[in-house]
Student: 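Sharing a structure, written as structure tokens. Questions coming.
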Amino acid sequence: NLTVISNSASLSIEKLPLAAEGVYTCQHILQPLFHGLSVTRLPFVITLTVPVTKPYIVMSDSSPVEGTSVTMRCGLENGTGPINYIWEQESRESQLTTVAEIYDDNRLNVTDVNRNHTGWYRCIAINQVNQQRSDRVWLDTICKRLLNIGPDQPQIDVTPYSVTERGYSALERETVSLLCQASSNPPSQYVWFYNNSQVYAGPQYTINRILRMHTGHYACLAQNTYLNTRSRKTITLTVYCEWRSDLLDSTSKQSH
Ligand SMILES: *[C@@H]1O[C@H](CO)[C@@H](O)[C@H](O)[C@H]1NC(C)=O
Ligand SMILES: *[C@@H]1O[C@H](CO)[C@@H](O)[C@H](O)[C@H]1NC(C)=O
Ligand SMILES: *[C@@H]1O[C@H](CO)[C@@H](O)[C@H](O)[C@H]1NC(C)=O
Ligand SMILES: *[C@@H]1O[C@H](CO)[C@@H](O)[C@H](O)[C@H]1NC(C)=O
């Protein structure tokens, strides 16, 4: 929207669009009586500074685990650089602190995250003509002890508890319960095997009225399905006829 203001050699541009940037030339033309035209050219440059728009925060991870790193980016649609970025943190206790002031780089790197980094974050973008503040974004830090681990080597508890040199023993027609436990986060998933065939899924495998044909190797497999890790423990269980129980060494039969 260009207007030449007559009688004043002035030019008016309304509602400056970005496209108005560039070189303008004013030509001064004299027409003296005898020497033809005399032209003077006066070039000048118009550069525009676009105000910054309201920034927004993008986090590489909004719930990083303690000890890891996170990068926050203060994004904005428009704004002529160089832009200064100020990062503010509001803690859980509503305490406001300026975390960083970074010239012409919209990233904030937080290395070795700890629980003190938990809180609301805002960025403020500032250029030559204005400044704008983002909405706040929550950064949560995850306690290291919640890290996914395990499973540990399983522990198997046999009830009733009876051991011989050959491993665990049971009497025919008893109800025998095998309980498997292995620490893990997330909690272990358990699978039981008898002589390498899967027989049960779950921590506690109970055999009602056990028979001699149930003698063999019982293995518990504990799995952390998140990490896809597993550990396994095998016991040997021998089932005796009731009439042979007196052959067992009575000192090795204990109550648990
Ligand atoms: C950013 O600039 C472009 C081009 O000038 C414009 O179309 C757009 O509306 C601007 N965005 C904002 C949020 O002002
Ligand atoms: C933040 O990290 C990125 C990538 O790791 C790196 O390119 C950038 O320079 C870092 N910025 C600052 C301000 O340290
Ligand atoms: C967190 O901040 C408190 C109080 O300023 C400080 O005592 C503590 O050492 C900080 N913790 C870490 C892990 O930096
Ligand atoms: C399981 O293994 C034990 C020991 O090797 C064996 O005595 C038993 O017969 C096996 N049971 C089956 C059903 O294969």
Side-chain angles (χ1 to χ4, degrees), residues 1-2 12-24 45-58 72-86 104-107 121-137 154 156-180 190-202 204-221 232-245 247-249 252:
N1 221 348
L2 283 178
S12 157
I13 308 171
E14 280 167 39
K15 290 185 186 149
L16 269 179
L18 211 44
E21 274 194 333
V23 182
Y24 292 74
V45 175
I46 290 183
T47 56
L48 295 178
T49 303
V50 177
V52 290
T53 51
K54 182 176 172 164
Y56 51 87
I57 295 178
V58 180
M72 299 187 216
R73 197 167 59 80
C74 184
L76 45 87
E77 203 174 320
N78 295 331
T80 303
I83 298 172
N84 226 0
Y85 296 89
I86 294 178
D104 210 21
D105 185 347
N106 68 351
R107 287 163 304 181
Y121 284 81
R122 282 181 202 276
C123 69
I124 303 162
I126 305 167
N127 74 357
Q128 276 182 328
V129 289
N130 75 327
Q131 67 176 60
Q132 290 278 346
R133 176 187 298 252
S134 72
D135 289 334
R136 58 184 198 168
V137 171
I156 296 179
D157 287 315
V158 181
T159 329
Y161 179 79
S162 171
V163 231
T164 67
E165 312 81 70
R166 297 167 68 181
Y168 290 88
S169 67
L171 299 180
E172 263 197 326
R173 294 202 296 275
E174 265 183 338
T175 294
V176 174
S177 178
L178 309 174
L179 177 65
C180 184
Y190 300 97
V191 178
W192 283 97
F193 294 87
Y194 170 61
N195 284 5
N196 293 323
S197 308
Q198 186 175 332
V199 284
Y200 185 73
Q204 184 157 17
Y205 178 42
T206 300
I207 308 161
N208 292 311
R209 293 179 60 79
I210 200 163
L211 299 172
R212 270 178 296 168
M213 58 174 271
H214 292 131
T215 291
H217 304 292
Y218 288 84
C220 164
L221 177 71
R232 184 184 181 106
K233 180 162 185 182
T234 305
I235 59 160
T236 304
L237 180 68
T238 311
V239 184
Y240 295 97
C241 294
E242 216 157 349
W243 60 269
R244 288 202 57 184
S245 64
L247 298 180
L248 293 174
D249 176 4
S252 66

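Counting starts at 1 for both ligands and their atoms, in listed order.
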Student: Is atom 5 (O) of ligand 1 less than 4.0 angstrom from at least one protein heavy atom?
Tutor: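 No, because not a single protein heavy atom sits under 4.0 Å from atom 5 (O) of ligand 1.
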Student: Between Gln204 and Ser177, do the side chains contain an N or O donor and an N or O acceptor separated by less than 3.5 Å?
Tutor: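 Yes, Ser177 and Gln204 have a side-chain donor paired with an acceptor closer than 3.5 Å.
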Student: List the atom of Leu171, the atom of Ile210, and the distance in Å for their closest heavy-atom pair.
Tutor: O-CG2, 3.3 Å
Student: Quick check against the 3.5 Å criterion: does Asn84 have a side-chain atom that pairs as donor or acceptor with the backbone of Ile126?
Tutor: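 Checking the backbone N and O of Ile126 against the side chain of Asn84, no donor-acceptor pair under 3.5 Å is found.
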Student: Short N/O distance, under 3.5 Å, between Asn78 and ligand 1?
Tutor: yes
Student: Which residue and atom name correspond to the protein heavy atom nearest atom 10 (C) of ligand 4, and how close is it?
Tutor: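 That would be Asn195 ND2, 2.4 Å.
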Student: Which of the numbered atoms in ligand 1 are below 4.0 angstrom from a heavy atom of Thr53?
Tutor: 12 (C), 13 (C), 14 (O)
Student: Are Tyr218 and Ile207 close enough that some pair of their side-chain heavy atoms sits under 4.5 Å apart?
Tutor: yes
